[in-house]
Amino acid sequence: MTEIIIYSDGAARGNPGPAGAGAILLDAEGRSVGSVCRYLGETTNNQAEYQALLLALHEAISLGAPSVSVFADSELMVKQIRGEYKVKNEGLRPLYKDIMNLLRRFKGYRIEHVPREKNKRADRLANIAIDDQVL
């Protein structure tokens with residue numbers, strides 16, 4: 001297996017409010033190799049963004065990915081993971097630590113911010129999770 005490409009997104013209806021996480025995982029040729037979709041209960045949008053990435057990283061590890069490229073529309077999360085912003089929010093700190101620990105398990109990773117229009121599939125999964133309360 002080569003690198004896995006991850007598009008992840010979290011959604012909350014209200015902040016906090018009912019929230020969901022979704023991600024699509026692709027191979028290097030852009031073919032789907034997996035997806036995750038989970039209802040998160042009541043949480044903030046930023047926490048949902050982090051939860052979506054956590055779910056996707058666990059899935060990438062289970063698929064045996066040596067490296068990952070992550071694309072997310074949460075500029076805050078991307079900049080925090082890159083070390084450009086500090087993680088000041090107490091609710092995000094444990095999620096951030098978990099993500100950083102998972103990223104260390106890969107030979108390499110990169111994370112990029114993308115506009116929402118480029119992240120529609122992951123957004124759809126996050127909203128399906130809320131609508132259907134998929135656990």
Side-chain angles (χ1 to χ4, degrees):
M1 166 131 333
T2 60
E3 171 187 61
I4 284 186
I5 299 160
I6 295 171
Y7 285 85
S8 72
D9 199 17
R13 296 186 185 150
N15 204 18
I24 185 89
L25 291 84
L26 309 170
D27 66 15
E29 288 76 42
R31 294 181 299 246
S32 178
V33 294
S35 64
V36 291
C37 177
R38 182 170 299 159
Y39 177 67
L40 303 172
E42 297 273 322
T43 192
T44 68
N45 190 67
N46 288 334
Q47 288 171 323
E49 295 280 0
Y50 270 83
Q51 291 281 6
L53 181 53
L54 272 172
L55 289 170
L57 292 174
H58 279 292
E59 185 68 13
I61 288 167
S62 75
L63 292 170
S67 64
V68 291
S69 287
V70 176
F71 298 94
D73 59 28
S74 170
E75 189 172 2
L76 175 72
M77 181 183 72
V78 169
K79 289 191 174 199
Q80 286 175 330
I81 291 171
R82 286 182 173 175
E84 295 172 27
Y85 290 170
K86 290 183 179 177
V87 182
K88 296 178 183 176
N89 182 288
E90 291 298 322
L92 295 181
R93 279 190 183 155
L95 299 170
Y96 169 81
K97 287 179 183 175
D98 289 347
I99 284 172
M100 297 311 290
N101 284 334
L102 289 177
L103 287 172
R104 285 186 198 94
R105 294 176 65 178
F106 296 99
K107 291 179 185 170
Y109 73 90
R110 69 184 178 113
I111 183 165
E112 302 287 333
H113 175 258
V114 293
R116 279 184 192 201
E117 313 81 71
K118 302 235 184 212
N119 207 23
K120 287 183 179 178
R121 290 168 71 189
D123 176 68
R124 189 172 330 130
L125 288 172
N127 280 288
I128 287 170
I130 298 169
D131 292 340
D132 297 346
Q133 295 193 0
V134 176
L135 297 175

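All of these numbers come straight from a predicted model, not from anything done at the bench. In what follows, every heavy atom counts, from backbone to side chain, and hydrogens, waters and symmetry copies are set aside.
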Can you measure from [atom1] ([X]) to [atom2] ([Y]) and round to the nearest 0.5 angstrom?
X: S35; Y: I6; atom1: OG; atom2: CD1; answer: 12.0 Å
X: I4; Y: E59; atom1: CD1; atom2: CD; answer: 8.0 Å
X: D9; Y: K120; atom1: CG; atom2: NZ; answer: 12.5 Å
X: S62; Y: L57; atom1: OG; atom2: CG; answer: 11.0 Å
X: L92; Y: L76; atom1: CG; atom2: CG; answer: 7.0 Å
X: E49; Y: E75; atom1: CD; atom2: CD; answer: 11.5 Å

With under 30° as parallel and over 60° as perpendicular, where do the rings of Y7 and F71 fit, or are they tilted in between?
->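 Answer is parallel, since the angle falls under 30°.
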Strictly by modelled atom types, are R104 and N101 linked by a side-chain donor-acceptor pair under 3.5 Å?
->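 Per modelled atom types, R104 and N101 side chains form a pair under 3.5 Å.
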Are [Y] and [X] connected into the same hydrophobic cluster when the rule is that any two of I, L, V, M, F, W, Y join if their side-chain heavy atoms are below 4.5 Å apart?
X: L53; Y: V36; answer: no
X: Y109; Y: V33; answer: yes
X: I24; Y: F106; answer: no

If you look at every heavy atom in A19 and T43, which pair is closest and at what distance?
->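 Heavy-atom minimum between the residues: CB-CG2, 3.2 Å.
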Indicate yes or no: at least one non-hydrogen side-chain atom of [X] is less than 4.5 angstrom from one of [Y].
X: T44; Y: N89; value: no
X: L95; Y: Q47; value: yes
X: I81; Y: L103; value: yes
X: E42; Y: P18; value: yes
X: N46; Y: M77; value: no

Tell me, which pairs form a side chain to side chain donor-acceptor pair (under 3.5 Å) where one or both residues lie in residues 11-22, sequence neighbours left out?
->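 Every pair satisfying side chain to side chain donor-acceptor pair (under 3.5 Å) with a residue in residues 11-22: R13-N127, R13-D131.
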Should we say atom CZ of R93 is surrounded by more than 12 heavy atoms from elsewhere, each under 6.0 Å from it?
->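 Counting other residues, nucleotides and ligands, CZ of R93 exceeds 12 neighbours.
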Tell me, yes or no, whether the heavy-atom count around R82 atom CZ, taken from other residues, nucleotides or ligands under 6.0 Å, exceeds 12.
->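 More than 12 within 6.0 Å, yes.
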